[in-house]
Amino acid sequence: MELDEVVISKAIIERFSRKLLDHLELDVAIAGGGPAGLVAGYYLAKAGKKVALYERKLSAGGGMWGGGMMFNEIVFQESAVLILDEFSIRYSQYQEGYYTADSVEAISTFVSRAVQAGLTIFNCVSVEDVLMRPDRVTGVVVNWSAVDIAGLHVDPLAVRSRFVLDASGHPVEVVKVVQEKVPGKLNTASGKIEGEKSMWSDRAETLTLENTKEVFPGLYVAGMSANATFGGPRMGAIFGGMLLSGKKAATMIVQALESSV
Ligand code: 48F
């Protein structure tokens, strides 16, 4: 049988269109596919929730591929071992309290296991705005990242979701939009984004977990965007807090979804 180029094109267009149509109404929309967003997506999907993750870049993984300064090893602490075990990612102890893993194995496994658990990832797609109703975020507004990169004037599409998770990392992009464009105050000390502080690994890792919560009705934050929102320091090249934050965000959102049925 000779391969037909048009059949190949039709297969891609029909299958992708079906996937897009199937994900216009969600339980949870996640902005950002770094470690925090991927781990959150895995646990939400595992809990049976309908969840999609939008990642601006061609590949998910965020800041994890590069370890520290492009040395592709990640460091994490004892409390995060259970997550590496859950995903069957190999690691070894460096010294008491410090563990390392290959960042390529870690990220590729997070992506693969999350997708197999039921998370749908839309790569090359950016969350550029939110859907709002009085006093609540009710979904995301998305567009091809290439539209933004090329500076084209093209309107986006909208996806309704019961909750949105900002896992966009340092730029805290979704919370920024909500601060600027949705009436009301954020659930922070000043009612606005407090802003990320300079590096303090130990304190930052603790605060990442504490700061993982609902920041505006319908909108949660996880990972580095949680610290940037609530004014915590950056942690540098240690990743346990990101993984634990993703898991905590998923647990909180599952509870919120189930108590609001
Ligand atoms: O930056 P990122 O890895 O965030 P994280 O999961 O982890 C932070 C660590 O990597 C590291 C650190 C300590 O370990 O400080 O930086 O909190 O991943 C965020 C992802 O979100 C994507 C971005 O391309 C990256 O892959 N992203 C950012 N803004 C948007 C977005 C957006 N508006 N729409 C879609 N994706």
Side-chain angles (χ1 to χ4, degrees), residues 29-42 52-77 80 83 100-101 103 106-107 110-111 114 121-130 137 139-149 156-157 159 161 164-178 180-181 196-209 211-212 219-230 232-250:
I30 302 176
L38 288 168
V39 170
Y42 167 83
L53 184 155
Y54 303 93
E55 168 52 50
R56 163 169 297 148
K57 303 221 166 116
L58 191 53
S59 43
M64 208 180 213
W65 293 108
M69 218 174 130
M70 293 201 273
F71 291 25
N72 67 356
E73 286 283 318
I74 56 162
V75 175
F76 57 97
Q77 58 276 55
I83 296 188
T100 62
S103 71
I107 274 299
F110 284 134
V111 172
I121 298 180
F122 291 97
N123 56 338
C124 306
V125 176
S126 294
V127 174
E128 64 165 55
D129 203 342
V130 296
V137 169
V140 288
V141 173
V142 296
N143 210 335
W144 297 117
S145 308
V147 165
D148 185 39
I149 293 163
L157 294 175
V159 176
S161 64
V164 174
L165 176 63
D166 183 336
S168 66
H170 296 266
V172 66
E173 295 202 7
V174 184
V175 184
K176 240 175 223 162
V177 165
V178 170
E180 283 163 21
K181 297 170 68 176
E196 172 189 317
K197 304 292 180 288
S198 287
M199 196 184 293
W200 182 357
S201 301
D202 191 66
R203 178 117 184 91
E205 287 290 278
T206 308
L207 280 178
T208 303
L209 266 191
N211 292 334
T212 300
L219 175 64
Y220 282 74
V221 280
M224 198 54 225
S225 70
N227 267 4
T229 298
F230 287 95
R234 67 188 302 188
M235 65 289 303
I238 181 157
F239 287 87
M242 298 300 121
L243 312 181
L244 293 164
S245 168
K247 184 175 184 190
K248 180 182 172 189

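Whatever order the structure lists ligands and atoms in, that order sets their numbers, starting from 1.
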Would you kindly specify which portion of [X] sits under 4.0 Å from ligand 1, judged on non-hydrogen atoms: side chain, backbone, both or neither?
X	answer
E128	neither
H170	side chain
E173	side chain
M242	side chain

For [atom], the protein heavy atom that lies nearest, with its residue and separation:
atom	result
atom 34 (N) of ligand 1	V127 N, 2.9 Å
atom 25 (C) of ligand 1	E55 OE1, 3.5 Å
atom 31 (C) of ligand 1	R56 CB, 3.8 Å
atom 18 (O) of ligand 1	G34 CA, 3.3 Å
atom 17 (O) of ligand 1	M224 N, 2.8 Å
atom 4 (O) of ligand 1	G169 CA, 3.4 Å
atom 3 (O) of ligand 1	G63 N, 2.8 Å
atom 21 (O) of ligand 1	G32 CA, 3.1 Å

Practice problem: Look at the side chain of S225 and the backbone N and O of D166, then say whether any donor-acceptor pair between them is shorter than 3.5 Å. | Solution: yes
Does any N or O in the side chain of S201 come within less than 3.5 Å of the main-chain N or O of M235, such that one atom is a donor and the other an acceptor? yes
Do any N/O atoms on [X] end up under 3.5 angstrom from N/O atoms on ligand 1?
X	answer
G61	no
S225	no
G37	no
V125	no
F239	no

Heavy-atom contact under 4.0 Å between [X] and ligand 1?
X	answer
P171	no
G236	yes
R234	no

Going by the atom numbers of ligand 1, which of them fall below 4.0 Å from some non-hydrogen atom of [X]?
X	value
G62	3 (O), 18 (O), 25 (C), 26 (O)
G223	17 (O)
I238	13 (C), 14 (O)
M235	12 (C), 13 (C), 15 (O)
K57	24 (O)

Looking at every non-hydrogen atom in both residues, tell me the closest pair between [X] and [Y] and how far apart they are.
X	Y	value
S161	A29	OG-CB, 3.7 Å
S168	E173	OG-N, 2.8 Å
T229	V221	OG1-CG1, 3.8 Å
L243	V39	O-CG1, 3.4 Å
P233	R203	CG-CG, 4.2 Å
W65	A60	NE1-O, 3.0 Å

**Message:** Counting only heavy atoms from other residues, nucleotides and ligands, does the tally under 6.0 Å from NZ of K197 exceed 12?
**Reply:** yes
Taking everything shown except W200 itself, do over 12 heavy atoms lie less than 6.0 Å from its CH2? no
>> Ignoring hydrogens and geometry beyond distance, is a side-chain donor-acceptor pair present between R56 and S145 at under 3.5 Å?
In response: no
Between [atom1] on residue [X] and [atom2] on residue [Y], distance to nearest 0.5 Å:
X	Y	atom1	atom2	value
E55	S126	CD	OG	8.0 Å
F230	T212	CZ	OG1	9.0 Å
I83	Y42	CD1	OH	10.0 Å
K176	K181	NZ	NZ	14.0 Å

To atom 6 (O) of ligand 1, the nearest of G33, A36, A167 on a heavy-atom basis is A36
